[in-house]
Participant: 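Below is a structure I'd like to ask you about.
It should be emphasised that the depicted structure is a prediction, and the values quoted were computed from it without experimental measurement.
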Amino acid sequence: MTVSKVRLDCVFSDPFGKSTSSIMEYLIMTEPEDVSDEQILSMVDRRVKASGEDILESIHGYEFIGIQRDKLKVINLHLGQINECIRLIDEKLDYFRLKYSRIIRHLTTMIGVTGESALYILGEIGTDMSVWRDDASLASWAGLSPANNASAGKKKSTRTGDGGHYLKPLLVQCALAAAKSTKKDPYFHCKYETLKKRRGHKKAITAIARKMLVAIYHMIRDDADFLPVDHEEVLHSTKKQKGLNLNNVIAFLKEQGADDDTLRLVERQCGAQEVDAAEGMESVSSAEKKQPISGSAATSQPIQESVNGSPVLISGSQKGRALNHHPKDPAAATATA
């Protein structure tokens, strides 16, 4: 189109849309002297924002050099065949979407899985789960099971396999969508945040994708909706508990319908207890400051020992040397020992 000086891509957002394709087909099948501006404008959809003058200006002066017209005819025929194939595939997908509507409805109860992705997942693993030994076998086939390479008690690599060239990227996309859900159903988001702290983003997302595939296996096999056994436990364990203070107590009493006299009494009692606790802490700190000798100071003071009834002052490291030194006098040595 650029070589033939057709600049419809500067006017239309989609150069292969309905209006553009109709205009190109008209230009290919019609001789330049027979081209009508009115006919071209009649092919433009009403929702197009470009003006008629801009559309005609992008076409005026076009020319098909050499065999460009024949080449464009072949390309146009090829695009028509591709669109026909897409239409046939969409019809088949609609048939299977109705046939397995029950299973798809079960799968879409899991956050992150849409109707289209559920249909693509069924296209990869099927609806008969008896072909798999268990959920671990399915996860291994999909390339989502971590490797178990260990030697002498040391883990070397946990990289997943190379299987599931179509299923694995699809489940990773579903896992990313599920990990971002914080309001509708934050189950996988909580799981992801827990794993991310220890293993990082990539391994956490791969682990979430494996969990989703295991859940899909059981949902298809048992013909049930998504309801993990630890759903409530995971959600409640992540909720932050509020600290108990005077404001929370007053708010709770107001919700329970307490009168103003009761609220003032609670405020007065709690305020008095806080003052008493503060005074107690101040008295303890002042008493510690008044102590003349601390533990470290006591160790630095000279220690008085007795040898042969005579007092000897030993301080610091001299104490050890004095006690380990044995004088020549046996009586003194005995007394020292």
Side-chain angles (χ1 to χ4, degrees), residues 1-101 104 107-108 111-124 164-181 183-184 205 209:
M1 293 169 66
T2 304
V3 173
S4 302
K5 300 178 182 179
V6 179
R7 303 298 299 171
L8 290 174
D9 58 324
C10 297
V11 181
F12 296 93
S13 59
D14 185 7
F16 300 100
K18 183 178 180 181
S19 300
T20 313
S21 300
S22 301
I23 294 173
M24 282 301 302
E25 186 176 358
Y26 175 73
L27 295 177
I28 293 171
M29 298 300 177
T30 309
E31 295 297 330
E33 59 273 9
D34 298 333
V35 173
S36 173
D37 292 346
E38 291 76 9
Q39 185 67 22
I40 291 176
L41 294 178
S42 64
M43 299 177 184
V44 179
D45 193 278
R46 295 180 179 179
R47 293 172 294 180
V48 176
K49 297 180 180 180
S51 63
E53 296 179 358
D54 295 337
I55 296 174
L56 295 176
E57 185 179 354
S58 65
I59 297 174
H60 287 166
Y62 81 94
E63 55 181 349
F64 296 126
I65 303 173
I67 60 173
Q68 287 293 331
R69 186 184 298 274
D70 297 334
K71 187 186 292 185
L72 287 172
K73 287 182 180 179
V74 174
I75 293 173
N76 191 36
L77 177 63
H78 187 205
L79 288 175
Q81 292 173 347
I82 292 176
N83 291 329
E84 181 65 18
C85 293
I86 293 174
R87 186 186 64 82
L88 294 175
I89 292 174
D90 287 338
E91 290 181 358
K92 281 294 181 182
L93 290 177
D94 291 336
Y95 166 76
F96 287 112
R97 189 177 289 108
L98 293 174
K99 183 178 180 180
Y100 301 111
S101 60
I104 292 175
L107 297 184
T108 52
I111 193 69
V113 178
T114 62
E116 292 296 324
S117 58
L119 187 62
Y120 299 155
I121 291 171
L122 293 180
E124 291 293 323
H165 298 289
Y166 299 102
L167 181 61
K168 186 176 180 180
L170 175 61
L171 289 173
V172 169
Q173 292 181 5
C174 296
L176 288 170
K180 293 179 181 179
S181 177
K183 296 182 179 180
K184 186 176 181 180
I205 285 295

Participant: Return the CD1 to CD1 distance between Ile59 and Ile23, rounded to the nearest 0.5 Å.
Facilitator: 5.0 Å
Participant: Looking at Arg87 and Asp90, is there a salt bridge between them, counting it only when a charged N and a carboxylate O are closer than 4.0 Å?
Facilitator: no
Participant: Let me confirm one number: the CG-CG distance from Leu93 to Leu88, rounded to the nearest 0.5 Å.
Facilitator: 11.0 Å
Participant: Decide yes or no for Asn76 and Glu25: does some side-chain heavy atom of the first lie under 4.5 Å from some side-chain heavy atom of the second?
Facilitator: yes
Participant: Could you pull out all residues at least two apart from Tyr62 that satisfy ring pair (Phe, Tyr, Trp, His ring centres under 6.0 Å)?
Facilitator: Phe64
Participant: Can a donor-acceptor pair be found, under 3.5 Å and without considering hydrogens, that links the side chain of Ser101 to the backbone of Arg97?
Facilitator: no
Participant: Could you state the interatomic distance from NZ (Lys184) to CD1 (Ile111), rounded to the nearest 0.5 Å?
Facilitator: 4.5 Å
Participant: Yes or no on side chain to side chain contact (heavy atoms under 4.5 Å, CB included) for Tyr100 and Leu119, after CA distance, side-chain angles and deciding distance?
Facilitator: CA-CA 8 Å; Tyr100 301 111; Leu119 187 62; 5.5 Å; no
Participant: For residues 28-40, which residue pairs qualify under salt bridge (charged side-chain N to carboxylate O under 4.0 Å, His left out), counting only residues two or more places apart or in two chains?
Facilitator: none
Participant: Any donor and acceptor pair, going by atom type alone, linking the side chain of Thr20 with main-chain N or O of Phe16 inside 3.5 Å?
Facilitator: no
Participant: Tabulate below the donor-acceptor pairs under 3.5 Å that side-chain atoms of residues 165-179 make, not counting sequence neighbours, or state none.
Facilitator:
residue	atom	partner	partner atom	Å
His165	NE2	Asp162	O	3.3
Lys168	NZ	Gly143	O	3.2
Lys168	NZ	Thr160	OG1	2.9
Lys168	NZ	Gly161	O	3.2

Participant: For Arg47, give me all partners under salt bridge (charged side-chain N to carboxylate O under 4.0 Å, His left out), at least two apart in sequence or on another chain.
Facilitator: Asp45
Participant: On a heavy-atom basis, which atom in Ser21 and which in Gly17 lie closest, and how many Å separate them?
Facilitator: OG-O, 2.7 Å
Participant: Could you tell me whether the side chains of Glu91 and Tyr95 share a donor-acceptor contact shorter than 3.5 Å?
Facilitator: no
Participant: With distance as the sole test, does Ser117 use its side chain to make a donor-acceptor pair with the main-chain N or O of Val113 at under 3.5 Å?
Facilitator: no
Participant: To the closest 0.5 Å, what do you measure between CE (Met24) and OG (Ser22)?
Facilitator: 11.5 Å
Participant: Side-chain contact, heavy-atom cut-off 4.5 Å: Asp9 with Met1?
Facilitator: no
Participant: Can I get a per-line list of side-chain donor-acceptor pairs under 3.5 Å for residues 65-75, giving both atom names and the distance, sequence neighbours left out?
Facilitator:
residue	atom	partner	partner atom	Å
Arg69	NH1	Leu27	O	3.3
Arg69	NH1	Ile28	O	2.7
Arg69	NH1	Thr30	O	3.3

Participant: Applying ring pair (Phe, Tyr, Trp, His ring centres under 6.0 Å), name anything that partners Phe12, two or more places apart in sequence or on another chain.
Facilitator: none
Participant: In Å, rounded to the nearest 0.5 Å, how long is the span from CD1 of Ile104 to CG of Leu122?
Facilitator: 5.5 Å
